[in-house]
Chemist: 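Handing you this structure, nothing more for now.
Values reported hereafter were calculated over all heavy atoms of this structure, with side chains retained and with hydrogens, waters and symmetry mates removed. What you see is a predicted model; the values in this text were computed from it and never measured. Along the sequence shown, residues carry numbers from 1.
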Amino acid sequence: MKTLVSRLFFLTVAVYIFASCTGDPLVKPIKDGIDAQNYDAAIVAADSALLADPSNGMALYYRGYALNMKAGATDDIAARESMYAEMHDNLVSARTSFAAMEKAPAEAEQITNIILNAWGREHNKAIEFALDDSVMATVENPLDYSIQHLVNATTANPDSTLSYDVLAQVYYMNNDYEGAASAMSRVIELKNPGEASEYDRLASYNFLMGKPDVAVEALEEGLALYPDSTSLIQKMADGLFQTGNTDRALELVEGLVENDPTNAQYRLVIGTQIYQRVMILSDSVSANSDMIYELRNEDEERVAELNAENAVLREEIEMLTKRAEDALLAAAEIQPENPMIFNTLGVVYQNKAAALFELRNNTVDNDEAMEFDEMAKAEATRAMENYEKAAELDPENTSYWESLFRIYTSLGMLEEAEAAMEKAGM
């Protein structure tokens, strides 16, 4: 958990000085209440002063002061949130009132210190509940406590990018991705603009919520500011793939390959994504073929149309398959220890074999059928070799053995198929 919170840290804030040179009789009972630690009485006295003059800067100041002291003495951390909200409003109004005076009182210089005192107190407690094992052990769901302290900190000091940043991380640790995204959006809004890493994190939280379209919007904004950020480009490509904008996604990844031709992962992404499109087209061919079989003796014109459509689809499939294969072979050459690459190549060759077996089964020409059969078995053999390589690199992955079981079976290698079935746990 702690490794996820690299930017969480404690801070110290100097406590403000309680000082006044006011002679306002309406303010004296407010100060008396504070001196007696009777903060409710001080707040009531401040309300009376403000009823007489809502712009009374001293009454606003000491009301905010009393609210901060009351919050610090309140055990219920959730109850503090509204106190900090009032405190902040009072102090901001007091600052405005003091600024309009010909000579501001000494209290004007303490407003920032009061805000920082409240903020630092809550922020530091939040860190303890997120990272300090001894403190975390004192309560159930310590991250909930950390979050409330951070909400308090940002209520007391709404301009704190640090606390919003930490809040995003703690929400993430607590599996509240919506809260994390909201807090990170606030960081970006306050910084205007945010850093590349912050747009990256905002996108990640939206991906985790299953909102790739919202993630893409954040990435668009980030890339407009940081067009050379590899991380943002990578996430953008992922988002575009998820939202179905495959062509643009491939353009982005191919650009990454140009900048880093030795990166096998980029080539694996290209090969995998292109081949996913091949699978969709192959499903269309299969559906057409089934319809052709059903209509073969009923509607010659429609059969001819479907055959023509399949011819176009197969041409595109062949082109895309070659493109995917080239990318995957290049990835395998760069990173020959990556089993995923060889497994994906196995899928490519196995599906090529399946398409050829289908052509074999649909032809009435015996010579052509034998030719298709020979070609299909050659592709199936290539699939087998790549699945074997994947299983060799990662023998604990049962899915590789399942693939080998099927390919061994299709090739009539029954002894090998039985061994693969055992390793697959089937």
Chemist: Under 4.0 Å between a side-chain nitrogen and a carboxylate oxygen: does that hold for D165 and R201?
Modeler: yes

Chemist: Count the heavy atoms of every other residue, nucleotide or ligand shown that sit under 6.0 Å from CD of E368, and state whether that count exceeds 12.
Modeler: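 Yes, because the 6.0 Å sphere around CD of E368 holds more than 12 heavy atoms from other groups.
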
Chemist: Ignoring hydrogens and angles, tell me if any N or O in the side chain of T363 forms a donor-acceptor pair with the backbone of L359 under 3.5 Å.
Modeler: no

Chemist: Does R382 pair with E385 as a salt bridge, N-O distance under 4.0 Å?
Modeler: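 Looking at E385 together with R382, the answer is no, because their closest N to O distance does not fall below 4.0 Å.
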
Chemist: Side chains of residues 286-296: which donor-acceptor partners sit under 3.5 Å, not counting sequence neighbours?
Modeler:
unit_1, atom_1, unit_2, atom_2, d
S286, OG, S282, O, 3.2
N288, ND2, E309, OE2, 3.3
N288, ND2, N310, OD1, 2.9
S289, OG, V285, O, 2.9
S289, OG, N310, ND2, 3.4
S289, OG, E358, OE2, 3.3
R296, NH1, Y293, O, 2.3

Chemist: Report the C-alpha separation of D132 and S134 in whole Å, then their side-chain angles, then the decisive distance to 0.1 Å, and conclude whether the side-chain hydrogen bond (donor to acceptor under 3.5 Å, both in side chains) test is met.
Modeler: CA-CA 6 Å; D132 189 322; S134 61; 2.5 Å; yes

Chemist: Do side-chain atoms of D373 reach the backbone of A369 as a donor and acceptor pair under 3.5 angstrom?
Modeler: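 Not a single qualifying donor-acceptor pair exists.
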
Chemist: In this structure, are over 12 heavy atoms from other groups packed under 6.0 Å from E220 atom CD?
Modeler: yes

Chemist: Measure across A66 and A42 and return the closest heavy-atom pair with its distance rounded to 0.1 Å.
Modeler: CB-CB, 4.0 Å

Chemist: Apply the test side-chain hydrogen bond (donor to acceptor under 3.5 Å, both in side chains) to residues S399 and N397: give CA-CA distance (whole Å), side-chain angles for both, the deciding distance (0.1 Å), then the verdict.
Modeler: CA-CA 6 Å; S399 68; N397 191 318; 2.5 Å; yes

Chemist: Donor-acceptor check, side chain of N206 to backbone of L202, threshold 3.5 angstrom: yes or no?
Modeler: yes

Chemist: Would you tell me whether T112 and R95 have side-chain atoms, one donor and one acceptor, within less than 3.5 Å of each other?
Modeler: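 Yes, side-chain donor-acceptor contact under 3.5 Å.
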
Chemist: Is there a side-chain contact between L320 and Y275 in this structure, where contact means two heavy atoms from C-beta onward sitting under 4.5 Å apart?
Modeler: no

Chemist: Taking the inter-plane angle between the rings of H149 and F129 on a 0 to 90° scale, is it parallel (under 30°), tilted (30 to 60°) or perpendicular (over 60°)?
Modeler: parallel

Chemist: Any heavy-atom pair between the side chains of Y172 and S204 that's under 4.5 Å?
Modeler: no

Chemist: Is any side-chain heavy atom of E418 less than 4.5 Å from a side-chain heavy atom of F405?
Modeler: no

Chemist: If you count the non-hydrogen atoms of other residues, nucleotides and ligands that lie under 6.0 Å from CD in E337, is the total more than 12?
Modeler: yes

Chemist: Please answer whether the main-chain N or O of N90 pairs with a side-chain N or O of R63 as donor and acceptor at a distance below 3.5 Å.
Modeler: no

Chemist: So, do L256 and N263 sit near enough that their side-chain heavy atoms are less than 4.5 Å apart?
Modeler: no

Chemist: With a 4.0 Å cut-off, would you call E122 and K125 a salt bridge?
Modeler: no

Chemist: Nearest 0.5 Å, please: how far is CE in M69 from OG1 in T74?
Modeler: 11.0 Å

Chemist: Evaluate N157 against D159 for side chain to side chain contact (heavy atoms under 4.5 Å, CB included), listing each step before the verdict.
Modeler: CA-CA 5 Å; N157 184 12; D159 296 328; 4.0 Å; yes

Chemist: Checking E388 against Y408 for the side-chain hydrogen bond (donor to acceptor under 3.5 Å, both in side chains) test, could you report, in this order, the C-alpha distance in whole Å, the side-chain angles of both residues, the deciding distance, and whether it holds?
Modeler: CA-CA 11 Å; E388 287 176 340; Y408 283 144; 2.5 Å; yes

Chemist: So how far is it from N343 CG to Q350 CD, rounded to the nearest 0.5 Å?
Modeler: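 It is 9.5 Å, given to the nearest 0.5 Å.
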
Chemist: Any side-chain heavy-atom pair from M384 and Y349 closer than 4.5 angstrom?
Modeler: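 Result no, sub-4.5 Å side-chain heavy-atom pair not found.
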
Chemist: Assess whether atom CD of E318 is packed by more than 12 heavy atoms of other residues, nucleotides or ligands within 6.0 Å.
Modeler: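 Not more than 12 within 6.0 Å, no.
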
Chemist: Supply the atom-to-atom distance Y387 OH to L404 CG, rounded to the nearest 0.5 angstrom.
Modeler: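 Nearest 0.5 Å value for the OH-CG distance: 8.5 Å.
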
Chemist: Between atom CG of L268 and atom CD1 of I341, what is the distance when rounded to the nearest 0.5 Å?
Modeler: 5.5 Å

Chemist: So, the side chain of S410 versus the backbone of I407: is there a donor-acceptor pair under 3.5 Å, distance only?
Modeler: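 Confirmed, S410 side chain pairs with I407 backbone.
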
Chemist: side-chain hydrogen bond (donor to acceptor under 3.5 Å, both in side chains) between R121 and N68: does it pass, once the steps are laid out?
Modeler: CA-CA 11 Å; R121 178 172 62 225; N68 177 43; 2.7 Å; yes

Chemist: Supply the atom-to-atom distance Y226 OH to D200 CG, rounded to the nearest 0.5 angstrom.
Modeler: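 The distance works out to 12.0 Å.
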
Chemist: Write down the atom of A324, the atom of I274, and the distance for their closest heavy-atom approach.
Modeler: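 So the two residues come closest at CB-CG2, 3.9 Å.
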
Chemist: Taking NZ, NE, NH1 and NH2 as the nitrogens, is one of them in R267 or E325 under 4.0 Å from a carboxylate oxygen of the other?
Modeler: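 Answer for the salt bridge query: no.
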
Chemist: Strictly distance-based, threshold 3.5 Å: is any side-chain N or O of N124 a donor or acceptor partner for the main-chain N or O of G120?
Modeler: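 Yes; judged by distance alone, with no hydrogens or angles, the pair exists.
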
Chemist: Can you tell me if W401 uses its side chain to pair, donor with acceptor, with the backbone of M426 under 3.5 Å?
Modeler: no

Chemist: Let me confirm one number: the CG-CG distance from L250 to N245, rounded to the nearest 0.5 Å.
Modeler: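 Rounded to the nearest 0.5 Å, the CG-CG separation comes out at 9.5 Å.
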
Chemist: Taking the side chain as C-beta and beyond, is there a heavy-atom pair between Y62 and L67 under 4.5 Å?
Modeler: no

Chemist: Step by step, would you call K423 with E392 a salt bridge (charged side-chain N to carboxylate O under 4.0 Å, His left out)?
Modeler: CA-CA 12 Å; K423 291 183 179 179; E392 176 188 335; over 6 Å; no

Chemist: On a heavy-atom basis, which atom in A94 and which in Y61 lie closest, and how many Å separate them?
Modeler: CB-N, 3.7 Å

Chemist: Would you say that more than 12 heavy atoms from the other residues, nucleotides or ligands in this model lie under 6.0 Å from the CD of E189, or not?
Modeler: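 Check passes, neighbour count above 12.
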
Chemist: Using side-chain heavy atoms (C-beta onward) and a distance below 4.5 Å, is Y84 in contact with T154?
Modeler: no

Chemist: So, does S97 use its side chain to make a donor-acceptor pair with the main chain of S55 at under 3.5 Å?
Modeler: yes

Chemist: Could you pull out all donor-acceptor pairs under 3.5 Å where a side-chain atom in residues 140-147 meets a protein atom, sequence neighbours excluded?
Modeler:
unit_1, atom_1, unit_2, atom_2, d
D144, OD1, N174, ND2, 3.0
S146, OG, A126, O, 2.8

Chemist: A332 and L345: which non-hydrogen atoms are nearest, and at how many Å?
Modeler: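 Reported closest heavy-atom pair: CB-CD1, 4.5 Å.
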
Chemist: Could you check whether any side-chain N or O of T138 sits under 3.5 Å from a backbone N or O of V135, counting only pairs where one atom can act as donor and the other as acceptor?
Modeler: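 Between the backbone of V135 and the side chain of T138 there is a qualifying donor-acceptor contact (under 3.5 Å).
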
Chemist: Can you tell me if T243 uses its side chain to pair, donor with acceptor, with the backbone of L240 under 3.5 Å?
Modeler: yes

Chemist: How far apart are the closest heavy atoms of Q242 and P212, and which atoms are they?
Modeler: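 For Q242 and P212, the tightest heavy-atom pair comes out as OE1-CB, 3.6 Å.
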
Chemist: What are the two closest heavy atoms between A156 and W119, and how far apart are they?
Modeler: CB-N, 4.2 Å

Chemist: Could you check whether any side-chain heavy atom of L91 comes within less than 4.5 Å of a side-chain heavy atom of L60, counting everything from C-beta outward?
Modeler: no

Chemist: With a 4.0 Å cut-off on N to O distance, would you call K191 and E195 a salt bridge?
Modeler: yes

Chemist: List the steps and the verdict of salt bridge (charged side-chain N to carboxylate O under 4.0 Å, His left out) for K322 and D326.
Modeler: CA-CA 6 Å; K322 180 66 168 61; D326 288 346; 2.9 Å; yes

Chemist: Between R323 and E254 (salt bridge meaning N to carboxylate O under 4.0 Å), is one present in this structure?
Modeler: yes

Chemist: For N307 and V303, run side chain to side chain contact (heavy atoms under 4.5 Å, CB included): C-alpha distance rounded to whole Å, both residues' side-chain angles, the deciding distance at 0.1 Å, then the answer.
Modeler: CA-CA 6 Å; N307 276 322; V303 167; 3.5 Å; yes

